[in-house]
Novice: 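Have a look at this one before I ask anything.
First listed ligand is number 1; within each ligand, the first listed atom is number 1. Along the sequence shown, residues are numbered consecutively beginning with 1.
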Amino acid sequence: MRYKANDHHPHLSAAVLQATAEAGANIALTKYWGNANDDLRIPANESISITLDRTRTVTTVAFHPDLTEDEVVVDEVRLSGPARERVVQHLNLLRERAGVSWRARVVSRNNFPASAGIASSASGFAALTLAGAAALGLDLSPCDLSRLARRGSGSAARSIFGGFVLLHTGARDEEAFAEPLHPPDWWEICDLVAIVSRTEKGVSSGEGHRLAPTSALHRARVARVAELNQRILDALARRDFAALGEAAEEDALLMHAVMMTSRPSLLYWLPETVMLMHRVHAWRREGVPAYFTIDAGPNVHILTLPEYADHLRTDLLALPGVQEVILCRPGPEARVIPNPE
Ligand code: DP6
């Protein structure tokens, strides 16, 4: 499978190179937290995720010969400063590959709150990479796309693929890419995303990755996560939900322990976050298969099996402080879609 602009009918004229792509966010079962190489965004440890079906980003990239600078609009807001610069850097990587110097207009839409513990940078940079590569007619394999997406956002490397995905680390750029482990229909795990805050997080993941090595716990976590990855690979192969949930919950707690003990300390939890963690433990004591995981934000992802999802969703919505619950299942790989009118 290779992506070429002409295969997907982007509007190609002498004056515009344009394509649109869609990518799903993903929830990490074991987390990417901390880099082996900050400049290249090579993760300190391997991570395993589920690409989600309901939380998506759609991005159109249009390169024009007469634009004087890159324009980036996300959810109707025109970006400036470091947020825009990060996209410009990524476009530069694509332009270098294609030998094109045209500036681009990027229009991106998320159907979920950005920067609140649902990795919008993952779906965002996966969609940007794919749309940009398709617009420029770059002939890239999914592995190449994953490596490129990683340069924009580490977790975006995983959102190139659908279903259950492993992100490799390595000593060099070539070694750090994601690969699909199982397709979306391998196992219908549900992720109930309980939104307790829509406020943009104070400290970005990028800054957090740089702080990880200042925690005395970072090295211990990196060693432990290798074992947890093995357990999750086995649990996925055997469809053993308790084994998968236990390992995922442990790594979420390890990552937050690293965050909290970084200097300066990063504390992403709100009282509602902790309340939900207690709730999940109470459900388990009652025999309900439910495990939590939390990204760099206060919102809680509750992993469960399909027969429990509707009931848990209703219970979650009745809890004080829970604003919304998004029920996600394993979703498809990133793909090029027709350009909007
Ligand atoms: C907590 O991929 O958002 O969600 O590379 O700076 O964009 P950047 O970081 P990002 O980090 C993800 C952090 C996480 C864990 C995970 O998804 O693995």
Novice: Classify the contact between Ser121 and ligand 1 as side chain, backbone, both or neither, using a heavy-atom distance cut-off of under 4.0 Å.
Specialist: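 Just the side chain.
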
Novice: Is the backbone of Arg151 close enough, under 3.5 Å, to the side chain of Arg41 for a donor and an acceptor to pair up by distance?
Specialist: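 Side chain of Arg41 to backbone of Arg151: a pair is present.
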
Novice: Please work out whether any backbone atom (N, CA, C, O) or any side-chain heavy atom from C-beta onward of Ser155 is under 4.0 Å from ligand 1, and answer side chain, backbone, both or neither.
Specialist: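 Both of them.
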
Novice: At a 4.0 Å threshold, what atoms of ligand 1 neighbour a non-hydrogen atom of Arg86?
Specialist: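 The atoms of ligand 1 under 4.0 Å from a heavy atom of Arg86 are 6 (O), 7 (O), 8 (P).
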
Novice: Does Ala122 come within less than 4.0 Å of ligand 1, judged by its heavy atoms?
Specialist: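 The answer is no: ligand 1 sits nowhere under 4.0 Å from a heavy atom of Ala122.
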
Novice: Under 4.0 Å from a heavy atom of Met255: give me the atoms of ligand 1 that qualify, with their elements.
Specialist: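 Those atoms are 1 (C).
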
Novice: For the 3.5 Å polar cut-off, considering only N or O atoms, please tell me whether Ser153 and ligand 1 meet it.
Specialist: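 Looking only at distances, the answer is yes, because the N/O contact criterion of under 3.5 Å is met.
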
Novice: Among Ile, Leu, Val, Met, Phe, Trp and Tyr joined by side-chain contacts under 4.5 Å, find the other residues sharing a cluster with Leu266 and list them by chain and number.
Specialist: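 Taking Ile, Leu, Val, Met, Phe, Trp and Tyr as members, Leu266 shares its hydrophobic cluster with Trp33, Val203, Leu211, Leu217, Met255, Val258, Met259, Tyr268.
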
Novice: Compare Arg151, His209, Lys31 and give the one whose heavy atom is closest to atom 11 (O) of ligand 1.
Specialist: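 Answer by nearest heavy atom: His209.
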
Novice: Test of understanding: given a 4.0 Å heavy-atom threshold, classify the contact between Arg158 and ligand 1 as side chain, backbone, both, or neither.
Specialist: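 Side chain only.
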
Novice: With heavy atoms under 4.0 Å as the rule, classify the contact between Met259 and ligand 1 as side chain, backbone, both or neither.
Specialist: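 Neither; nothing of Met259 gets under 4.0 Å from ligand 1.
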
Novice: Between Ser205 and ligand 1, does any nitrogen or oxygen pair lie at a separation below 3.5 Å?
Specialist: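 Ser205 vs ligand 1: N/O contact under 3.5 Å present.
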
Novice: Could you check whether any side-chain N or O of His218 sits under 3.5 Å from a backbone N or O of Pro213, counting only pairs where one atom can act as donor and the other as acceptor?
Specialist: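 Answer holds: no.
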
Novice: I want to know whether His301 and Phe292 have ring centres closer than 6.0 Å.
Specialist: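 Centroid distance His301-Phe292: not below 6.0 Å, so no.
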
Novice: Just which atoms of ligand 1 are under 4.0 Å from any heavy atom in Gly206?
Specialist: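 That gives atoms 6 (O) of ligand 1.
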
Novice: N/O to N/O below 3.5 Å, does that happen between Thr30 and ligand 1?
Specialist: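 There is no such contact.
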
Novice: Quick one: does NZ or CZ of Arg329 land under 6.0 Å from the six-membered ring centre of Trp187, within 45 degrees of the ring axis?
Specialist: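 Pair Arg329/Trp187 does not count as cation-pi.
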
